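Here is the structure we will look at, set down as structure tokens.
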Amino acid sequence: MERTLIKDLGKKIGEQVKIQGWLQTLRDQKSMQFLIIRDRTGLVQVAHWKKGNPELAEQISSLGTESALTISGKVVANEVVKLGGIEIQLESLRVDNNAESPLPFEPFSDELPDLDYRLDWRYLDLRRERNQLMFEVETTLEAGMRDYWLKNGFLEMHSPKIMGAPSEGGAELFSLSYFERTAYLAQSPQFYKQMAMAAGWEKVFEIGPVFRADPSFTSRHMTEFTGVDAEISWIESHEEVMVMLEELLAHAIKLVAEKHGSEIKRVFDVELTVPSTPFPRMTMKEAYEILKAEGYKLPPERKGDLDPGAERALGAYVKEKYGHDFVYVTDWPATVRAFYHMRLESDPKLTKSFDLLGKGIELTTGAQREHRADVLTAQAQEKGLGLELLQNYINYFRYGCPPHGGFGLGLGRLMMVLLGLPSIREAVYLFRGPNRLEP
RNA sequence: GGGGGCGUGGUGUAGCGGUUUAACAUGCGGCCCUGUCAAGGCCGAGAUCGCGGGUUCAAAUCCCGUCGCUCCCGCCA
């Protein structure tokens with residue numbers, strides 16, 4: 001018999017069905033047994049009269065919660081049953097995998113263990129409804145982004161994650177032994193995206209792993225995370241990148257809201273709103289004026305930069321003033337930006353770059369890139385970077401590379417912001433940090 | 001890397017110098033209950049209070065060290 005998903009049982013009243021799922025609760029009484037079965041789509045009660053089949057009754061009594069079961073029986077409507085008014089009268093049971101008792105923790109209890117403990121038992125923690133929903137949302141979010149890009153003529157790229165030479169700043173690179181030499185894990189697809197521009201791909205995106213050997217202990221950092229990157233050619237300024245990014249996010253979030261909005265409200269108590277475009281924008285200079293007016297004091301050594309507190313303050317300001325969760329901060333000083341960010345023609349101290357903040361958290365850095373080899377070389381030297389390591393990179397810009405720009409966005413951070421999660425550790429399938437390599 | 005906080009049965013917490021044979025909830029085991037549904041009732045097992053040292057007549061409780069976790073900062077997505 002074909003399996004019926006629990007959400008579809010209402011259409012099969014009076015019929016024989018087969019369901020498959022986990023035993024969330026067993027209520028074993030004197031004459032009756034009630035099993036609450038959960039599958040990916042919901043919960044249903046299964047009832048069994050013990051005297052009809054004492055052997056089966058005994059088998060049910062021995063089941064541990066969270067056992068994996070295949071159950072056959074008849075679907076009946078029963079108003080007495082609080083769980084959806086539907087019940088299955090059990091006829092046969094196959095124990096696919098009996099769960100040992102006690103479990104390391106009860107995934108469906110009101111009081112959950114610390115996140116760190118749950119991460120040790122992630123495969124049980126992931127069974128919880130909110131975690132199932134989280135990854136349905138992530139899947140839809142990525143599908144929405146791909147949908148936008150494909151409609152707009154982008155190519156999907158897959159750049160290598162093993163590199164031969166440290167490029168952008170060596171400090172946060174993981175090194176590994178690679179046959180007779182040392183290789184490095186990519187800490188960004190940045191240079192490869194730009195190479196694709198030199199290769200004439202014009203518009204590319206990549207969703208893939210990024211590695212950072214940063215011993216950061218915060219609720220929003222990981223040593224391995226999924227980066228969402230895009231790069232486009234023939235632009236006049238970073239503004240075009242910003243337009244693409246806001247359209248991309250609005251499109252993907254709209255899809256998520258349509259598909260999961262009510263479930264997100266019920267499970268996460270978050271009203272997922274589709275952000276209006278264009279997103280609010282402010283220059284760094286304006287950001288400083290706002291912070292001053294709001295009474296936020298930046299440490300003086302932060303000259304031209306923002307700290308996390310300032311980002312939260314700006315997020316709160318924009319939420320109150322414009323009712324918007326996102327804000328672009330533009331025109332960052334060259335001193336705090338990468339050497340490959342293009343400078344403003346009107347003021348070479350500033351870059352044609354932006355950060356996107358979501359609810360006060362840094363989600364994205366983007367910029368128009370410097371595509372003129374001589375200017376790029378001068379900017380690298382100004383930052384005191386070794387030109388030997390950058391030579392191959394700078395060569396991309398010697399043989400007709402179009403003007404271009406792009407962004408990198410943290411998928412986990414976006415999930416955190418959309419669902420209002422306190423830590424990125426629960427926003428990703430398996431967290432990787434300085435002290436966590438398992439499971 | 002710098003600073004703060006926490007560390008008590010499987011899990012979540014209470015206790016914060018002597019009335020503690022360490023309490024409560026949940027989970028687990030047993031018994032009871034003719035339909036339960038956040039089930040309920042009774043009984044039971046389960047913790048040398050992270051680890052090491054010190055102070056004291058007396059330490060889960062105070063101090064020092066150490067390990068683990070966590071938050072903030074630096075840095076970033």
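Because the structure is predicted, anything quoted here is derived from the model rather than measured.
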Can you check the distance between [N] and [M], where both ends of the measurement are the [atom1] atom (answer in whole Å)?
| N | M | atom1 | result |
| --- | --- | --- | --- |
| B/G10 | B/G5 | P | 28 Å |
| B/G41 | B/G4 | P | 47 Å |
| B/C16 | B/G74 | C1' | 35 Å |
| B/G30 | B/C24 | P | 23 Å |
| B/G46 | B/A25 | C1' | 15 Å |

Looking at every strand, decide which applies to [X] at a 4.0 Å heavy-atom threshold: base, sugar-phosphate, or nothing.
| X | value |
| --- | --- |
| A/Pro113 | sugar-phosphate |
| A/Phe105 | nothing |
| A/Asp214 | base |
| A/Val210 | nothing |
| A/Gln24 | nothing |
| A/Thr226 | nothing |
| A/Gln33 | nothing |

Note to self: Could you check whether A/Glu156 pairs with A/Arg146 (Lys NZ or Arg NE/NH1/NH2 to Asp/Glu carboxylate O, under 4.0 Å)?
What the structure shows: yes

Margin query: Whether A/Arg425 and A/Asp116 form a salt bridge (side-chain N of Lys/Arg under 4.0 Å from carboxylate O of Asp/Glu) is what I want to check.
Written below: no

Among [options], which nucleotide has an atom closest to any side-chain atom of [X]?
| X | options | result |
| --- | --- | --- |
| A/Tyr117 | B/A39, B/G35, B/U11 | B/U11 |
| A/Thr364 | B/G1, B/G35, B/A77 | B/A77 |
| A/Arg212 | B/C72, B/A77, B/A39 | B/A77 |
| A/Val80 | B/U11, B/C76, B/G35 | B/G35 |

Would you say a side-chain N or O of [X] is under 4.0 Å from OP1 or OP2 of [N]?
| X | N | value |
| --- | --- | --- |
| A/Asn435 | B/G68 | no |
| A/Arg312 | B/C72 | no |
| A/Thr25 | B/A38 | no |
| A/Arg118 | B/U11 | no |
| A/Lys82 | B/C37 | no |
| A/Thr365 | B/A77 | yes |
| A/Arg425 | B/C71 | yes |
| A/Arg413 | B/A77 | no |

Next item on the list: Classify the side chain of A/Thr65 and the base of B/G27 as holding, or not holding, a donor-acceptor pair under 3.5 Å.
Entry: no

Next item on the list: Apply side-chain contact (heavy atoms from CB on, under 4.5 Å) to A/Glu224 and list each qualifying residue two or more places apart in sequence or on a separate chain.
Entry: A/Pro209, A/Phe211, A/Arg432

Next item on the list: Go through RNA chain B and write down every stem, that is, every run of at least three consecutive Watson-Crick or G-U wobble pairs with distances under 3.5 Å, as range with range.
Entry: B:1-7 with B:67-73, B:10-13 with B:23-26, B:28-32 with B:40-44, B:50-54 with B:62-66

Please report, rounded to the nearest Å, how far the [atom2] atom of [N] is from the [atom1] atom of [X].
| X | N | atom1 | atom2 | answer |
| --- | --- | --- | --- | --- |
| A/Phe34 | B/G40 | CZ | P | 15 Å |
| A/Glu172 | B/A77 | CD | P | 8 Å |
| A/Phe431 | B/U70 | CZ | C1' | 12 Å |
| A/Phe354 | B/A77 | CZ | P | 11 Å |

Notebook entry, point to check: Would you call the rings of A/Phe354 and A/His238 parallel, tilted or perpendicular, where under 30° means parallel and over 60° means perpendicular?
Noted result: parallel

Notebook entry, point to check: Which class fits the ring pair A/Phe154 and A/Tyr148: parallel under 30°, tilted 30 to 60°, perpendicular over 60°?
Noted result: tilted

Check: How do A/Asp114 and A/Ser101 order along RNA chain B: which one's closest nucleotide is nearer the 5' end?
Finding: A/Asp114

Notebook entry, point to check: Checking A/Glu246 side chain against A/Phe279 main chain: does a donor-acceptor pair fall under 3.5 Å?
Noted result: yes

